[in-house]
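Here is the structure we will look at.
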2 protein chains.
Amino acid sequence: MTRKRSLPTADELRVWREYIETAEALRAVISARLQSDSALSPGDYAVLLALSEAEGHRMRSSDLAAHINWERSRLSHHLGRMERRGLIGREDCVTDSRGAEVVLAAAGAEVFRGATVPHLRAVRELFVDALTAEQLDAAGQVAAALRAHVRS
Amino acid sequence: MTRKRSLPTADELRVWREYIETAEALRAVISARLQSDSALSPGDYAVLLALSEAEGHRMRSSDLAAHINWERSRLSHHLGRMERRGLIGREDCVTDSRGAEVVLAAAGAEVFRGATVPHLRAVRELFVDALTAEQLDAAGQVAAALRAHVRS
DNA sequence: CTCATGTAATTGACACGTCAATTATGTATG
DNA sequence: CATACATAATTGACGTGTCAATTACATGAG
């Protein structure tokens, strides 16, 4: 056994770069599709998806942030922009005067309905169709291993 | 043979989400490390790396953009910020009066020198060490398949 | 030479993300 | 109840990214 290297080898570094650059490129392409198909950013989509699935199409701001794994300030800024566009609304919370409830607006629901099929189709075309069943499985396991490792 | 589905299955979609969210989380963690270790963003690092490896520590702006795969306007904005911080300089190009040459400044070279080992260590700890040899290999193949597919 | 067209790089406007500070309200403790 | 501390959400400042427009120069056809 050799002692554990502290720095990655050239090959390891190459894989890292391919990994991170490919994910970034894919994110950009999917994002551009969503934008041109539906005038939504990935952030808009995540918010609308969460609200669409929520009880009464409404959610406490903090819960929403936790659900989609965003910092609260990021969500505040984003909700401000989405509110200006009429996609969502904000109401005072009855049980906690500090709180706010985010409500899916009619326009938001409609835009989301129109966005979902094209978006899923894009995911299929650009991600799923690029991989064999084995590769898809491997991708899932790699992601799980990375996720588990990063939490420590 | 069943006809090809146009939408991903629930499992495929789950893998997609794990893939893209994990990559994003990893990018954020590595980025935060780089920031706190060396006061550099990933963009800064990419620019400084390219210039460090370039002939004479200088490069035409367009070539640099192509090398790191950025849009030129993005690079212009970024170079403006880096120039304000004294990390790089810009000079007129001798052979083409339209052109600009980006030059690694002394301060930039020094910051980069200090950044590289901690950054590579972070890549090793957070990415390489999380994966078995087989998983690392699989990650490379998945990235290659996705890259090949997206170019068409 | 000159005019049309292409290329190098920058700029402005605006969306997005992070961090630190702020405002307002809840809650526990003496 | 009063004070201290925690929590909900927002705000401001600033770095980052994209798109469309702009400036300045190069170059080839006539």
- prompt: With a 4.0 Å cut-off, would you call E125(B) and R121(B) a salt bridge?
  reply: no
query: 5'-most contact on DNA chain D: L75(A) or R84(B), nearest heavy atom basis?
result: L75(A)
message: Below 30° counts as parallel, above 60° as perpendicular, anything between as tilted: where do the rings of Y45(B) and F112(B) land?
response: tilted
- prompt: Is the closest basic N to carboxylate O distance between E101(B) and R90(B) below 4.0 Å?
  reply: no
message: What contact category does S61(B) fall into here, base, sugar-phosphate, or nothing, at under 4.0 angstrom with non-hydrogen atoms?
response: sugar-phosphate
- prompt: Among all residues two or more places apart in sequence or in another chain, which pass the side-chain hydrogen bond (donor to acceptor under 3.5 Å, both in side chains) test with R113(B)?
  reply: none
query: Which residues within residues 18-52 of chain B lie with some heavy atom under 4.0 Å of an atom in DNA chain D?
result: S41(B)
message: Testing the 3.5 Å rule here: is there a donor-acceptor pair between the side chains of R72(B) and S62(B)?
response: yes
message: Does H78(A) reach a base, just sugar-phosphate, or nothing at all? Heavy atoms under 4.0 Å.
response: sugar-phosphate
Under 4.0 Å protein heavy-atom contacts per nucleotide of nucleotides 22-28 of chain C, with B for base, S for backbone only and - for none: --BBS--
Rounded distance in Å - CG (D63(B)) to P (dT7(C)): 15 Å
- line: Between CZ of R72(B) and P of dG12(C) the distance, given in whole Å, is 18 Å
field: Length of the line joining L79(A):CG and dA8(D):P, which is rounded to integer Å
entry: 16 Å
- prompt: Could you give the CZ-to-C1' distance, from R85(A) to dC14(C), as a whole number of Å?
  reply: 12 Å
Length of the line joining D92(B):CG and dA8(C):C1', which is rounded to integer Å: 12 Å
query: If you measure from the Lys or Arg side-chain nitrogens to the Asp or Glu carboxylate oxygens, is any gap between D44(A) and R81(A) under 4.0 Å?
result: no
message: Does S62(A) reach a base, just sugar-phosphate, or nothing at all? Heavy atoms under 4.0 Å.
response: sugar-phosphate
- prompt: Below 4.0 angstrom, N of the basic side chain to O of the carboxylate: do R74(B) and E71(B) qualify?
  reply: no
5' priority, DNA chain D, between R74(B) and R74(A) [closest heavy atom]: R74(A)
Gap between atoms CZ and P, on R81(A) and dG12(D) respectively (whole Å): 14 Å
field: For atom CD of E71(B) and atom P of dC19(D), their distance in whole Å
entry: 5 Å
message: In terms of relative ring orientation, are W70(A) and H78(A) parallel, tilted or perpendicular, with 30° and 60° separating the classes?
response: perpendicular
Side-chain N,O (R60(A)) to OP1/OP2 (dA8(D)) below 4.0 Å: no
message: Measure CH2/W70(B) against P/dC19(D) and give the value in whole Å, please.
response: 15 Å
- request: State, to 0.1 Å, how close L51(B) and V103(B) come at their nearest heavy-atom pair, and which atoms those are.
  value: CD1-C, 4.2 Å
